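The block underneath contains the structure these notes are about, expressed in structure tokens.
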Number of protein chains: 2
Amino acid sequence: MINKNSPLPIYAQLEEQIREQIESGILGPGDTLPSEREFCERHGISRMTVRQAINNLAKAGYLRREKGRGTFVSERKMEQQLQGLTSFTEDMKARGRKPSSKLLHFEIVPAVESIAQTLSIPKHDPVYHIKRIRMADGEPMALETTHIPANLVPGLTPEIATGSIYNYLEEHLSIAIDYSNQVIESVTASETESHYLDIPSGSPILLMQRDTFLKDGTPVETVKSAYRADRYKFVTVIRR
Amino acid sequence: MINKNSPLPIYAQLEEQIREQIESGILGPGDTLPSEREFCERHGISRMTVRQAINNLAKAGYLRREKGRGTFVSERKMEQQLQGLTSFTEDMKARGRKPSSKLLHFEIVPAVESIAQTLSIPKHDPVYHIKRIRMADGEPMALETTHIPANLVPGLTPEIATGSIYNYLEEHLSIAIDYSNQVIESVTASETESHYLDIPSGSPILLMQRDTFLKDGTPVETVKSAYRADRYKFVTVIRR
DNA sequence: TATCTGAAGTGGTATAGACATCTATATATA
DNA sequence: TATATATAGATGTCTATACCACTTCAGATA
């Protein structure tokens, strides 16, 4: 139900409610949503408020609106899931695989020029330098090198780095990721990469550099990932 | 100015007006926009209408809103441009390069099983089969194979296929692209690819399959592009 | 039977006003 | 001088209402 005294806005509550119904399967792909006016009556709220909730979900790809007909649950589940995924952990879960990590390296070091520039911090400022093998169902999938400003993210430990760092940021430090820039290229595996990923040297590799930012534009991390090309394809949805 | 009798909604007119001011440089990164209430008075329209225009631009990445302070032009121009680009022509222009094409093949053929499935049409239905070398500043950049349902897009000619097919769809047929699914992988160049792209066989290639859809989910085209890895990197922005 | 017509229901656009919450600045107070 | 405090102005949320354009479908009409 809707709580008008909650600090969470009404439209956000309704949004969450509908999203939960979709994700739990109560509303399936193609199903018709109750009409806007029905939501109004049912919850005793105004139509503009209902529209704000529904429009947000439509823009996020959960719903599809049709003038004169109604609002429907979007057919393409995969796209919804793949929209806005940035972490390896989330990505693998969405693909139905079990993510894990093997920590190769964990250290606080002074930032070199290039890292400092990418993270918008002074040269020699302390940064975490983390190197992990990322695995799916126990198989090596990618070799990942992460740099995070130590002043921005206190208390990071090797134990946390073995799991999802994103999760730690959002749940324990309440640091909300806003967006990431990704650059993807195709290269051949170096000696190091082929060794850790257990593939022949010279095999194709999908190389991904991801820089992640907060709402105000502050960089939180820069990650370089080398994915095994025989195991991993990168999937995106582009909306016009 | 705003025309209240235009078939184009007021919020869309205002949206376009502001976008033009940003793209023409009248409003630069970091600049403060007039307040919502000022827009209301200036154009004699209501605040909700102004908000619809501004919110759309904020979601598209043009503007950044700050409660209690104001609305500002977003700092990161590149991202705006790279958001929502799907065509090679647009992509190259955004990178400041001159796109061109060399037509290798143009034919209407009956759809084979896999193509028919991707395009959601009956097997053996006619489809355009187009093969092009895509060039930037005259240099070969990618080898591209396109399939388009012939019944959906009448009147496609080799001449048009030498330029931007997207442009033809949108401007001449008023077919509005809604979104694309992209799958990107890293492979090594086949004989054909290395020949046309003028690179050694076995070189790394960025392989991209892009399926494009209309608002109602109808597939318009499926494209397989093989990019030279030494010349091309794929850039995306992911918003949470 | 086949076709037109109109009503009901849907989402799309727009108005005018209200109160809440946050930010920055100016002013009064210790 | 330094610290509270008030206030003006910004965006955020929400209401109640109105009319429009489009879709669907039942019922009237030819």
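Order of the sequence lines sets the chain letters (A, B, ...), proteins ahead of strands, with each chain counted from 1. Fair warning: this is a prediction, and the values are worked out from it, not measured in the lab.
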Legend entry - Under 3.5 Å side-chain donor-acceptor pair for Thr71(A) and Glu66(A): no
Inset, instruction - State, without any angle test, whether Tyr166(A) and Glu221(A) hold a side-chain donor-acceptor pair at a distance under 3.5 Å. - result: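 Yes, side-chain donor-acceptor contact under 3.5 Å.
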To the nearest Å, give me how far apart [atom1] ([X]) and [atom2] ([N]) are.
{"X": "Glu36(B)", "N": "dA14(C)", "atom1": "CD", "atom2": "P", "result": "16 Å"}
{"X": "Lys4(B)", "N": "dG12(C)", "atom1": "NZ", "atom2": "P", "result": "22 Å"}
{"X": "Asn55(A)", "N": "dA14(C)", "atom1": "CG", "atom2": "P", "result": "14 Å"}
{"X": "Arg47(A)", "N": "dT15(C)", "atom1": "CZ", "atom2": "C1'", "result": "14 Å"}
{"X": "Glu66(B)", "N": "dT23(C)", "atom1": "CD", "atom2": "C1'", "result": "10 Å"}
{"X": "Lys59(A)", "N": "dG12(C)", "atom1": "NZ", "atom2": "C1'", "result": "13 Å"}
{"X": "Glu41(A)", "N": "dG9(C)", "atom1": "CD", "atom2": "C1'", "result": "13 Å"}
{"X": "Asn5(B)", "N": "dA14(C)", "atom1": "CG", "atom2": "P", "result": "11 Å"}

Inset, instruction - Ignoring backbone atoms, test whether Lys67(A) places a side-chain nitrogen or oxygen under 4.0 Å from the OP1 or OP2 oxygen of dG9(C). - result: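 Lys67(A) to dG9(C) OP1/OP2: no side-chain N or O under 4.0 Å.
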For [X] versus [Y], what's the shortest heavy-atom pair and its separation?
{"X": "His124(B)", "Y": "Pro110(B)", "value": "O-CB, 3.5 Å"}
{"X": "Pro99(A)", "Y": "Phe88(A)", "value": "CB-CE2, 4.2 Å"}
{"X": "Ile54(B)", "Y": "Ile18(B)", "value": "CG1-CD1, 4.5 Å"}

Legend entry - Within 6.0 Å of CD in Glu41(A), more than 12 heavy atoms from elsewhere: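 12 or below, so no.
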Inset, instruction - Look at Arg51(B) together with Glu36(B) and state whether they make a salt bridge at an N to O cut-off of under 4.0 Å. - result: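 Here Arg51(B) pairs with Glu36(B) in a salt bridge, since their nearest N and O are under 4.0 Å apart.
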Legend entry - 5'-most by nearest nucleotide on DNA chain C - Arg65(A) or Ser46(B): Arg65(A)
Inset, instruction - Using chain B heavy atoms and a threshold of under 4.0 Å, write down where along DNA chain D the contacts begin and end, 5' to 3'. - result: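 Contact span on the strand: dG9(D) to dC14(D).
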Inset, instruction - Mind running side-chain contact (heavy atoms from CB on, under 4.5 Å) on Thr145(A) and Val223(A) for me, showing each step along the way? - result: CA-CA 6 Å; Thr145(A) 307; Val223(A) 184; over 6 Å; no
Inset, instruction - Find which nucleotide of DNA chain D each of Gln52(A) and Glu38(B) is nearest to by heavy atoms, and output the residue with the more 5' nucleotide. - result: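 Of the two residues, Glu38(B) wins.
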Inset, instruction - Name the residue closer to the 5' end of DNA chain D, choosing between Gly68(A) and Arg37(B) according to the nucleotide with the nearest heavy atom. - result: Arg37(B)
Legend entry - Selection: residues 6-16 of chain B, any non-hydrogen atom under 4.0 Å of DNA chain C: Pro9(B), Ile10(B), Tyr11(B)
Inset, instruction - Would you mind classifying the nucleic acid contact of Ile45(B) as base, sugar-phosphate or nothing, using non-hydrogen atoms under 4.0 angstrom? - result: sugar-phosphate
Legend entry - Side-chain heavy atoms of Pro34(A) within contact of Phe39(A), under 4.5 Å: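 Yes, close enough: below the 4.5 Å cut-off.
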